[in-house]
Amino acid sequence: MALGEQTYGFFIPTVSLMGVGSAKETGEQVKALGASKALIVTDKGLSAMGVADKIKEQVEAAGVKAVIFDGAEPNPTDINVHDGVKVYQENGCDAIISLGGGSSHDCGKGIGLVIGNGGHIRDFEGVNKSTKSMPAFVAINTTAGTASEMTRFCIITNTDTHVKMAIVDWRCTPNIAINDPLLMVGKPAALTAATGMDALTHAVEAYVSTIATPITDACAIKAIELIAEFLSKAVANGEDLEARDRMAYAEYLAGMAFNNASLGYVHSMAHQLGGFYNLPHGVCNAILLPAVSQYNLIACPKRFADIAKALGENVDGLSVTEAGQKAIDRIRTLSASIGIPTGLKALNVKEEDLAIMAENAKKDACQFTNPRKATLEQVIQIFKDAM
C-alpha cells in the first residue's frame with residue numbers, strides 16, 4: 001500500500017518506574033514535580049485495605065501533604081469526577097496521585113482536566129479538546145490491564161446518556177507512571193483474568209490498527225508474547241511475583257502500542273456495554289475480542305498470522321488466513337481457560353439493547369482505526385455473534 005501524507009505521533013509519560021518496590025519512590029517523585037499537597041484518587045476497596053493510607057504516609061514522609069479521595073467507581077462517572085474536583089479545590093491541592101486500575105486513573109485524569117481547563121468533563125469528549133495542562137500527575141498502577149497509568153485515554157461515563165465518553169488527549173498523559181508488581185500480588189483470579197485479557201485486547205487491536213507503526217508493532221507483539229506465557233500463571237497463582245512482574249511489563253507495552261496506534265471495534269463496543277450495564281471492562285473486551293477479530297480477519301490475515309505466532313501457535317504450512325484463524329481460536333481457548341464467560345448472555349445483556357449500543361459504538365473514537373469498516377447492521381451482528 002502506498003504511503004500517504006500522515007504524521008504519526010508517539011506519546012508516553014516523561015518518567016516510568018517499573019519493578020519490585022518501585023511504589024516506594026512515590027513521595028520523592030511527587031516532591032520532584034514541585035507539589036505541596038496532593039489529592040490521592042482511588043477506589044473504596046483500596047482505601048479500605050489501607051493501601052491509600054500507605055501511599056499517603058510515603059508522600060507525607062517526603063514533605064508533601066496529601067488527602068485521599070476514594071470516590072472512583074469501577075466505571076468512573078462524570079459525577080465521580082466533579083466530586084473529586086470539589087475535594088481537590090476545598091483542600092488547596094496542586095497535584096494528583098491516582099492509585100488503582102483504570103477506574104482510578106481515568107477518574108484522576110478527569111479531575112485534572114477540569115482543574116486545568118475549567119468547565120465540565122463532558123466538554124472534553126473526543127480528541128485533544130483541552131487547551132491547558134493538568135496539574136502535576138503521578139499514576140500508581142495496581143492491576144495489569146488498562147495501562148491508563150501511561151496513556152492519553154480517559155473513559156468517563158455520562159450519567160445522563162449512560163454512554164462511556166472516550167476522551168483522547170495528550171495532556172491526559174500522567175507525568176510519572178509507576179508499575180510495582182508488589183501492589184498486584186494477591187489480586188483475585190477473576191480480576192487478574194479480566195485485566196490480562198484487557199491488555200491482550202489492547203495489543204491485538206493496536207497491531208491490526210490502520211495507523212500501526214513499526215514502533216507500536218514491536219510493543220504489541222512483545223506484549224502478546226508475555227501475556228501468552230504469563231497470564232495463566234498469574235491467574236493460577238496470584239502470589240507468583242515473576243508472573244505479576246512480567247504481566248506489568250505486558251500491560252505497559254500494550255499501552256505503548258494502543259496509546260499511539262489506537263484501538264478498534266472491540267473497545268468502541270465494550271464501552272457501550274460498560275455504560276449500559278456497568279459491566280467489567282476487561283470481561284467485555286475478552287468476550288468481544290474473538291467476534292470482532294473474526295470480522296476483521298479478512299482485512300488483515302497476515303497480521304493475525306503474526307499474532308498466532310506470538311501466542312505460541314505453530315502455523316507452519318498454513319495459509320495466512322488459516323494461520324490468522326489459529327490466533328482467534330487461541331484467544332477463545334485462553335479466555336475460557338482462565339474463567340472468562342463465553343458470551344454476553346452470561347452478563348445478562350439484552351438483545352433489544354444491541355441496536356442502540358451499536359449506534360453509539362459507531363460514534364466512539366476508538367472505531368476509526370479498526371481495519372475493516374462496518375455498517376450499523378454489521379456491528380449489531382458482531383454483538384449477536386458475541387452473545
Side-chain angles (χ1 to χ4, degrees), residues 8-18 41 72 75-76 81 96-113 116 121 124-130 133-134 137-156 164-179 195-207 209 211-213 215-220 222-223 227 247-264 266-268 270-271 274 281-282 285 364-369:
Y8 294 86
F10 193 79
F11 305 89
I12 198 170
T14 304
V15 176
S16 296
L17 304 180
M18 311 289 292
V41 180
N75 287 298
V81 167
I96 295 171
I97 301 170
S98 58
L99 171 68
S103 300
S104 296
H105 303 317
D106 284 2
C107 188
K109 290 175 182 180
I111 293 167
L113 278 171
I121 189 57
F124 304 100
E125 183 177 9
V127 180
N128 293 334
K129 293 294 182 68
S130 73
S133 298
M134 298 194 303
F137 198 117
V138 176
I140 309 169
N141 204 28
T142 65
T143 66
T146 70
S148 185
E149 83 282 358
M150 56 78 61
T151 71
R152 58 194 172 116
F153 284 72
C154 172
I155 309 299
I156 303 294
K164 279 191 170 187
M165 300 180 292
I167 298 167
V168 187
D169 195 316
W170 64 270
R171 291 186 178 87
C172 274
T173 309
N175 301 102
I176 298 170
I178 299 176
N179 270 283
T195 54
M197 290 302 294
D198 189 19
L200 179 60
T201 304
H202 293 155
V204 170
E205 289 212 286
Y207 193 69
S209 164
I211 59 169
T213 69
I215 299 174
T216 61
D217 286 351
C219 296
K222 187 60 182 178
I227 292 165
M247 281 302 299
Y249 277 104
E251 74 92 36
Y252 190 92
L253 283 162
M256 290 173 68
F258 92 83
N259 194 37
N260 298 285
S262 196
L263 296 159
V266 178
H267 272 77
S268 66
H271 289 159
H281 178 65
N285 276 344
D364 189 279
C366 292
Q367 57 93 19
F368 291 113
T369 47

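All values below were derived from every heavy atom in this structure, side-chain atoms included, with hydrogens, water molecules and symmetry-related copies excluded.
Remark: Asp169 pairs with no residue by the salt bridge (Lys or Arg N to Asp or Glu O under 4.0 Å) rule, at least two apart or across chains. Among residues two or more places apart in sequence or in another chain, the ring-ring contact (aromatic ring centres under 6.0 Å, His included) test is passed with Tyr207 by none. Ala223 pairs by the side chain to side chain contact (heavy atoms under 4.5 Å, CB included) definition with Ala203, Leu253, Ala254, not counting sequence neighbours. For the side chain to side chain contact (heavy atoms under 4.5 Å, CB included) test, residues two or more places apart in sequence or in another chain that qualify with Ile12 are Phe10, Met150, Tyr252, Met256. For His267, the ring-ring contact (aromatic ring centres under 6.0 Å, His included) partners two or more places apart in sequence, or in a different chain, are His202, His271, His281. Listed by chain and number, the residues in a side chain to side chain contact (heavy atoms under 4.5 Å, CB included) with Pro76 are Asn80, Ser103, Asp106, Cys107, Ile156 (sequence neighbours excluded).
Looking only at distances, no side-chain donor or acceptor of Ser209 sits under 3.5 Å from a matching main-chain atom of Glu205. No side-chain donor-acceptor contact under 3.5 Å links Arg171 to the backbone of Leu113. A donor-acceptor pair is defined here as one N or O able to donate and one able to accept, closer than 3.5 Å; no such pair exists between the side chain of Lys129 and the backbone of Ile167. Counting only distance, with no hydrogens or angles, the side chain of Ser268 and the backbone of Cys366 share no donor-acceptor pair below 3.5 Å. Formation of a donor-acceptor pair under 3.5 Å by the Asn259 side chain with backbone atoms of Phe11 is found in this model. Under a 3.5 Å cut-off, the side chain of Thr195 and the backbone N or O of Thr143 do not form any donor-acceptor pair.
When all heavy atoms of Gly282 and Asp198 are compared, the pair lying nearest together is CA-CB, 4.0 Å. The heavy-atom pair separating Ala212 from Asp217 by the smallest distance is CB-OD1, 3.5 Å. Residue Thr142 comes nearest to Gly101 through the heavy atom pair OG1-N, 3.6 Å, listed as atom of the first residue, atom of the second, then distance. When every heavy atom of Thr216 is checked against every heavy atom of Asn260, the shortest pair comes out as CG2-CB, 3.8 Å. Heavy-atom minimum distance, Gly255 versus Ala147: CA-CB, 3.5 Å. Nearest heavy-atom pair across His105 and Ser98 is ND1-OG, 2.8 Å.
Here the OG1-CG distance, from Thr14 to Asn175, works out to 5.5 Å after rounding to the nearest 0.5 Å. To the nearest 0.5 Å, atom CD1 of residue Ile155 and atom CD of residue Glu125 are 9.5 Å apart. Separating the CZ atom in Phe368 from the CD1 atom in Ile211 is a distance of 11.5 Å, to the nearest 0.5 Å. With rounding to the nearest 0.5 angstrom, the SG atom of Cys219 is 13.5 Å from the OH atom of Tyr249.
Two residues are said to be in side-chain contact when any heavy atoms from C-beta on lie closer than 4.5 Å; Lys109 and Phe137 meet this criterion.
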>> Determine whether Ser262 and Phe153 satisfy the following criterion, side-chain contact (heavy atoms from CB on, under 4.5 Å), listing intermediate values before the conclusion.
In response: CA-CA 9 Å; Ser262 196; Phe153 284 72; 4.1 Å; yes
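With 3.5 Å as the limit, one finds a donor-acceptor pair spanning the side chains of Asn141 and Glu251.
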